[in-house]
Amino acid sequence: MEKARTYQEKTLTLAEAAGLIKSGQTIGVGIAGAEPVGLLTEMANHALNLENVHFWTCLPMRVYDVFARSEMAGHVFNENWFYSPSDRHVHHEGRVSYIPNNLHRAAADKLYATKGKLDVCFATATPPNAEGYMSLSLGLIVQKDLLEAADLKIVEINQNLPWTNGDTLVHVSEIDYLVENHVPLVELPSAPPSDLEKEIGGYIAELIEDGSTLQLGIGGIPNAITAFIMDRHDLGIHTEMIVDGMVDLVEAGVVTNRKKTLHPGKIIGAFALGTQKLYDFLDHNEDVELYRGRYTNDPYVIAKNNQMISVNTALQVDILGQVCSQSIGTRQFSGTGGQLDTHRGAQMSSGGRGIIALRSTAKNGCISTIIPTLAPGAAVTVPSQDVDTIITEYGVAELRGRCVKDRMEALVRIAHPNYRDWIRDEAQRLGIVPKTQF
Ligand code: COA
């Protein structure tokens with residue numbers, strides 16, 4: 001019988017690990033805070049010797065030469081579940097393409113498309129404990145699924161990663177190679193809320209009752225509202241992304257998770273992204289559990305939380321109630337992520353509500369975000385048949401179950417006053433809402 005290789009025997013240098021990659025292979029990559037910084041950086045030194053290597057990435061937090069440099073064309077192609085600024089920047093050069101997905105199906109659908117085949121996974125983890133288990137730490141969305149599926153499993157060990165609980169453990173014996181790279185963690189500080197975000201936050205807060213369970217999405221507004229619910233009691237968290245504001249809510253005694261109907265007593269999430277304050281809070285915290293995106297974001301799982309309130313943000317909403325959160329016209333901006341998953345799951349929960357909150361204008365008031373029709377080519381993130389509640393600094397529009405005429409009126413009321421007549425006139429001119437009404 002072959003003797004089990006030890007941690008030391010499996011440990012390679014970054015150059016040795018990157019040197020294992022062959023032309024034509026596909027590499028699935030840990031995402032956001034769980035990004036394998038050393039391996040991705042090192043790949044730039046090898047990629048020009050390779051042809052047609054595909055990566056599967058999501059929300060890259062740094063600019064990597066292997067994706068950014070134009071001479072990588074033909075050597076590297078990046079398939080991406082959620083664009084960051086670095087992807088937006090090089091999209092027109094043709095080396096990156098968005099993978100449409102609902103987050104809870106992201107890994108499963110990608111593996112469906114390849115009939116389960118993934119050559120390599122680059123993941124990140126904490127150093128192993130005395131029993132040889134490592135924690136996948138900050139990212140469970142796709143990381144564990146990709147690790148399990150890959151023929152070659154390479155894990156970048158970073159002692160700065162917090163040890164998180166939940167479905168996070170992998171054993172050294174399950175991994176082919178390890179590389180050590182103890183770099184500082186990527187941080188995403190949240191800016192203090194603007195006056196406008198405070199107004200929006202106030203409207204959202206009115207809809208969050210004691211005992212509710214919250215999901216907060218990515219972006220300024222969802223993170224800003226935590227300041228406005230400091231007087232609530234016994235809130236719970238079941239979210240995709242764990243953020244700094246949630247730490248404040250726990251420390252203030254607002255989030256206790258006591259009333260949760262699923263995983264009582266625990267914060268549940270799929271990944272965490274914030275500052276060192278958040279990472280310190282997560283480290284060996286028995287009250288927080290991370291699970292795969294396919295679990296946390298499954299709408300049927302989300303719906304098991306009574307009074308589930310999801311809060312996400314968007315770029316445009318049209319009068320049908322179609323929400324675009326991921327593109328500016330034809331230009332890919334970010335991704336669907338878990339927005340539709342959580343918006344649906346919240347509405348399926350007893351007493352739950354899906355909230356989309358956005359500023360009524362963009363670009364210093366030059367563009368209305370409430371519009372008669374989505375911009376040509378804009379991607380629909382939440383279809384009109386799934387939409388629930390839209391909030392701007394002018395108030396709350398409840399669209400669930402309402403006809404298009406009533407949706408338009410509700411949305412006009414929360415549009416910026418400068419654009420209200422225009423929205424109505426355009427809707428009538430286009431025949432979406434006829435002029436003659438009974
Ligand atoms: N038309 C044109 N530009 C617009 C616009 C519109 N209607 N609305 C916003 N913008 C511009 C802003 O001016 C800003 O431009 P800048 O970067 O040049 O300043 C940019 O788009 C981003 O807008 P902002 O509102 O600041 O974005 P944000 O950081 O708050 O993120 C989303 C908002 C919608 C992009 C982000 O939440 C997202 O990607 N959501 C989809 C995924 C999701 O919600 N997942 C949930 C689970 S985590």
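Indexing begins at 1, ligand by ligand and atom by atom, following the structure's order. Just so you know, these numbers use all the heavy atoms, side chains as well, and skip hydrogens, waters and symmetry mates. In this chain, numbering begins with 1 at the start of the sequence shown.
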Side chains of [X] and [Y]: do they bring a donor and an acceptor to under 3.5 Å?
{"X": "T296", "Y": "E240", "value": "no"}
{"X": "Q339", "Y": "S325", "value": "yes"}
{"X": "T275", "Y": "D244", "value": "yes"}
{"X": "T373", "Y": "D318", "value": "no"}

- Task: Give the protein residues with at least one non-hydrogen atom closer than 4.0 Å to an atom of ligand 1, ordered by chain and number.
- Result: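 Residues F82, Q215, G217, I218, G219, G220, E240, N312, T313, A314, L315, Q316, S325, I328, F333, S334, G335, T336, G338, Q339, R359, A362, K363, I367, T369 each place a heavy atom under 4.0 Å from ligand 1, listed by chain and number.
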- Item | F55/V76 under side-chain contact (heavy atoms from CB on, under 4.5 Å): CA gap, chis, key distance, verdict | CA-CA 8 Å; F55 285 83; V76 168; 3.7 Å; yes
- Can you name the residues that form a salt bridge (Lys or Arg N to Asp or Glu O under 4.0 Å) with D210, not counting sequence neighbours? none
